[in-house]
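Read through the structure below, which is laid out as structure tokens, and then see the notes.
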Amino acid sequence: MNLANFATMDTIMLMSIINMKLRDDFNGNLEELCATNEIDKQALIDKLSQAGFDYLAEIGQFR
């Protein structure tokens, strides 16, 4: 899944995809996920935060 268009994606779907990728491909490392997919980490956090989701580094996912 190409995350380059994350800004226009449905927020619930985006959160699900991001959490799946964090779990399956990046061991919860948001920095690595963003670098690999060439997306702005803060913009991703802001988009998900607007829908009430926060990144929990200790568990490596958004909730």
Side-chain angles (χ1 to χ4, degrees):
M1 160 93 16
N2 182 356
L3 294 175
N5 62 345
F6 78 90
T8 61
M9 293 176 75
D10 174 78
T11 309
I12 302 298
M13 184 62 72
L14 175 62
M15 188 267 306
S16 178
I17 291 167
I18 293 295
N19 279 344
M20 179 190 67
K21 287 189 164 290
L22 284 167
R23 180 190 69 232
D24 295 348
D25 301 331
F26 296 98
N27 293 322
N29 187 327
L30 185 59
E31 296 276 342
E32 187 178 338
L33 179 143
C34 291
T36 300
N37 289 281
E38 299 179 351
I39 59 175
D40 183 278
K41 177 183 162 190
Q42 193 58 52
L44 175 63
I45 290 172
D46 291 346
K47 176 160 175 81
L48 291 174
S49 179
Q50 290 173 3
F53 300 112
D54 295 313
Y55 180 66
L56 305 175
E58 61 275 6
I59 60 172
Q61 63 179 239
F62 284 89
R63 289 217 176 152

Please set out all donor-acceptor pairs under 3.5 angstrom arising from side-chain atoms of residues 54-61, sequence neighbours excluded.
unit_1: Tyr55; atom_1: OH; unit_2: Gly28; atom_2: O; d: 2.4
unit_1: Gln61; atom_1: OE1; unit_2: Arg63; atom_2: NE; d: 2.8
unit_1: Gln61; atom_1: OE1; unit_2: Arg63; atom_2: NH2; d: 3.2

Side-chain donor/acceptor pairs under 3.5 Å, residues 2-12, sequence neighbours excluded:
unit_1: Asn2; atom_1: OD1; unit_2: Ala4; atom_2: N; d: 2.8
unit_1: Thr8; atom_1: OG1; unit_2: Asn5; atom_2: O; d: 3.0
unit_1: Asp10; atom_1: OD2; unit_2: Ile12; atom_2: N; d: 3.3
unit_1: Asp10; atom_1: OD2; unit_2: Met13; atom_2: N; d: 3.0

Side-chain donor/acceptor pairs under 3.5 Å, residues 17-26, sequence neighbours excluded:
unit_1: Asn19; atom_1: OD1; unit_2: Phe62; atom_2: N; d: 2.7
unit_1: Asn19; atom_1: ND2; unit_2: Phe62; atom_2: O; d: 2.9

Any pair with a residue in residues 37-47 that passes salt bridge (charged side-chain N to carboxylate O under 4.0 Å, His left out), sequence neighbours left out, goes on the list, sorted by first then second residue, please.
Glu31-Lys41
